[in-house]
Every structure is written in C-alpha cells, then in structure tokens.
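Quick caveat, the model's predicted, so the values are computed rather than measured. Both ligands and their constituent atoms are indexed starting at 1 by order of listing. When a residue number appears, it is its place in the shown sequence, counting from 1.
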Amino acid sequence: LIRLFVRSPLSAGAVIAATTDHAHYLGSVMRLASGAELRLFNGADGEWSAKFVAVGRRGARFEVICQERAQAPGSDLDLIIALVKRSRLETIIEKAAELGARRVRLAITARTNSDRTNVERLAAIAIEAAEQTGRLDAPELQAPERLATLLAAWPAGRRLMFCDEAGDAASALDALAGAGPWAVLIGPEGGFTPEERAAVRAVPGAVAVSLGPRILRADTAAIAALTLWQAKLGDWRGS
Ligand code: SAM
C-alpha cells in the first residue's frame, strides 16, 4: 500500500484536498484508480487508511477511513550535520530518515564552503524516505544555522554525541550511555577547527566519540554514528 505524509489533521471521515504533487504522483505516476485505498500519516495522529478520489483531470482528494496505527514517539534524536556537497547531503538526509533521526539541523562551520542549501528539496527527500520506512513521522529540517549560534542555544538536558576524528576520543560504543534526548554532530569535509572542537566539547552533556581509526567521509560518518546510537541507546535494542 502506498503511504503518504500529509500536512493535514487526520480523523475518521476527514476529507483532505490532495496537493498538486500528490495528485500528480498518484494519478499520473502511480496510475492509482479512483477509489483505491492508501495510508496517510502526519507525524501526530498515527497512520490512517484513506480512499484516493480523483477530482477532474488533475485534482484529487483523500477520504480518511480509520486509524490503522496509533502515533508512537520515536527516539528523540537530532542529527546536526555541517553543510557538505549536495549529493552527499541528500544521501545523509535520506539515511537519517531511515535510521530514525527526528530532526536534522544543518550547521555552517568555519570550513563549510557554502552557507546555503535547498532546504525544501531536502525536506522532500526526508519525507519520501520516511514514507518508505513505515515510520509515523518525517524528520524535521530547519534552515542552516551557524555552529556557534546552535551551541549558544543548546537545549538543557540534550546530550551530544560529538563525532571527533581527531583521534583522542573514546570509542563510541564505550562512551555512549544515558537515556533521553540526544544529538549526533558530524563535521564538514574539512573537519572542525581546534576552536570549534573546544567549543563543542564544552557543551554540557557533550561526549566526544571516535568512529574508529579511519577518517570517514561525512555521509559514512553520519550513517555509522546513527547506527551506533540506535544500537546502543535507541530503538534497535531488542527489535
Ligand atoms: N578533514 C578531516 C580530516 O582529514 O581530519 C576529516 C573530516 S571527515 C571527512 C567529516 C566528519 O566526519 C568529521 O568532522 C567527523 O565529525 C566525522 N568523522 C569522520 N571520521 C571520523 C572518525 N574516525 N571518528 C569520529 N568522527 C569521524
């Protein structure tokens, strides 16, 4: 069954106008027949069965039928990723959605060579990946922020898995401990400056970790770090 993330409230009997993109995707790309069933989720109301109804030549609506799964909170895990090349960033966003990150924050650091990215496109990639995974939300994405700004407003109680390639950090599996909200921080292709490393390590709740003796590309590092976190502290335990 096709699963779609929608931005409308979901309840029995609700009728939702499909966006132009959804109407095109379902009607023209997937060639879904009017009246076919699909699943909808919105990150708040669980997953619902719904009927796809074509309207005119290009429009569509969803008629919500009943709840199939109740909303369940996933891990409260942020991925903070320095801006890297577009293709790598897109891979990171897709994998972060698959690996259960709740939010992706884009950081501008001393060695990032751009302070811009197409956040809407990244959000669309996150949603598409979330639709395929079966998760009940889609990772939130925010406009890029300076690392210093992000660290200055660090939320109390959120721990930080600082992936530090400099070589003196503890092994991630040994260093990770403690329930509650976490964030994973991955640097740009040029790495962090010594000042940035010191500032990150000074964040209350920061844990500097190594991802092994080899320097990994940012996309590999993000996937490895999220995997280790899920295996040690997240929803891979016992599943
Ligand atoms: N230019 C840096 C250098 O050569 O030292 C490498 C930066 S690496 C491509 C990008 C980011 O991935 C790093 O800032 C770090 O967050 C993470 N990373 C890569 N390898 C790592 C490792 N072995 N341990 C911890 N973090 C790592």
Side-chain angles (χ1 to χ4, degrees), residues 75-117 119 122 125-126 129 139 141-155 158-178 181-234 236:
S75 306
D76 188 353
L77 177 64
D78 290 358
L79 171 66
I80 305 171
I81 178 79
L83 291 178
V84 290
K85 257 184 25 193
R86 194 183 80 176
S87 59
R88 288 193 193 280
L89 194 55
E90 291 183 358
T91 302
I92 290 168
I93 301 299
E94 182 186 273
K95 301 310 167 200
E98 291 175 28
L99 290 166
R102 188 181 287 184
R103 279 173 226 92
V104 182
R105 302 182 70 179
L106 306 167
I108 302 161
T109 70
R111 293 182 182 154
T112 47
N113 42 23
S114 159
D115 58 3
R116 256 182 270 176
T117 188
V119 179
L122 295 180
I125 290 170
L141 266 127
Q142 292 165 355
E145 308 157 88
R146 301 217 160 267
L147 181 65
T149 313
L150 196 152
L151 297 180
W154 192 255
R158 182 172 295 275
R159 270 173 262 205
L160 176 58
M161 175 181 176
F162 169 35
C163 298
D164 187 355
E165 75 276 20
D168 58 347
S171 129
L173 275 181
D174 294 342
L176 287 177
W182 275 84
V184 168
L185 173 62
I186 304 289
E189 291 304 341
F192 293 105
T193 63
E195 295 75 23
E196 286 173 336
R197 290 183 64 232
V200 174
R201 282 173 175 244
V203 166
V207 183
V209 305
S210 161
L211 300 174
R214 289 165 294 278
I215 301 286
L216 308 175
R217 294 274 200 180
D219 46 353
T220 318
I223 294 167
L226 292 170
T227 302
L228 285 166
W229 189 91
Q230 286 290 19
K232 186 79 191 283
L233 300 178
W236 283 24

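- Ligand-side atoms of ligand 1 in range of Cys163: 15 (C), 16 (O), 25 (C), 26 (N), range being under 4.0 angstrom from any heavy atom.
- Considering backbone and side-chain atoms together, Arg214 places an N or O closer than 3.5 Å to an N or O of ligand 1.
- At least one heavy atom of Pro188 sits less than 4.0 Å from an atom of ligand 1.
- For NZ of Lys232, the number of neighbouring non-hydrogen atoms (other residues, nucleotides, ligands) closer than 6.0 Å is greater than 12.
- Of all the atoms in ligand 1, the ones that sit under 4.0 Å from a non-hydrogen atom of Asp164 are 24 (N), 25 (C), 26 (N).
- In terms of the side-chain contact (heavy atoms from CB on, under 4.5 Å) criterion, residue partners of Ala170 (sequence neighbours excluded) are, by chain and number, Ala175.
- Atom CD1 of residue Ile125 and atom NZ of residue Lys95 lie 11.0 Å apart, to the nearest 0.5 angstrom.
- Nearest approach of Val84 to Leu89, heavy atoms of both residues: CG2-N, 3.9 Å.
- For atom 2 (C) of ligand 1, the nearest non-hydrogen atom from the set Glu165, Arg111, Glu196, Met161 belongs to Glu165.
- Checked against a 3.5 angstrom limit, the closest N/O atoms of Val209 and ligand 1 fall outside it.
- The distance criterion of under 3.5 Å between nitrogen or oxygen atoms is not met by Ala221 with respect to ligand 1.
- When Val84, Ile215, Asp219, Thr109 are checked for heavy-atom proximity to atom 6 (C) of ligand 1, Ile215 turns out nearest.
- Close N/O approach between Glu189 and ligand 1 is found [any backbone or side-chain N/O within under 3.5 Å].
- Counting only residues at least two apart or on different chains, the side chain to side chain donor-acceptor pair (under 3.5 Å) pairs with a member in residues 198-218 are Asp164-Arg201, Asp168-Arg201.
- For ligand 1, the atoms closer than 4.0 angstrom to any heavy atom of Phe192 are 14 (O), 16 (O).
- Annotation: side chain of Ile186 is not in contact with side chain of Ile92 (no heavy-atom distance under 4.5 Å).
- Looking at Gly212 next to ligand 1, an N or O pair under 3.5 Å apart turns up.
- Of all protein heavy atoms, the one lying nearest to atom 8 (S) of ligand 1 is Leu216 O, 3.2 Å.
- At least one side-chain heavy atom of Arg158 sits less than 4.5 Å from a side-chain heavy atom of Asp76.
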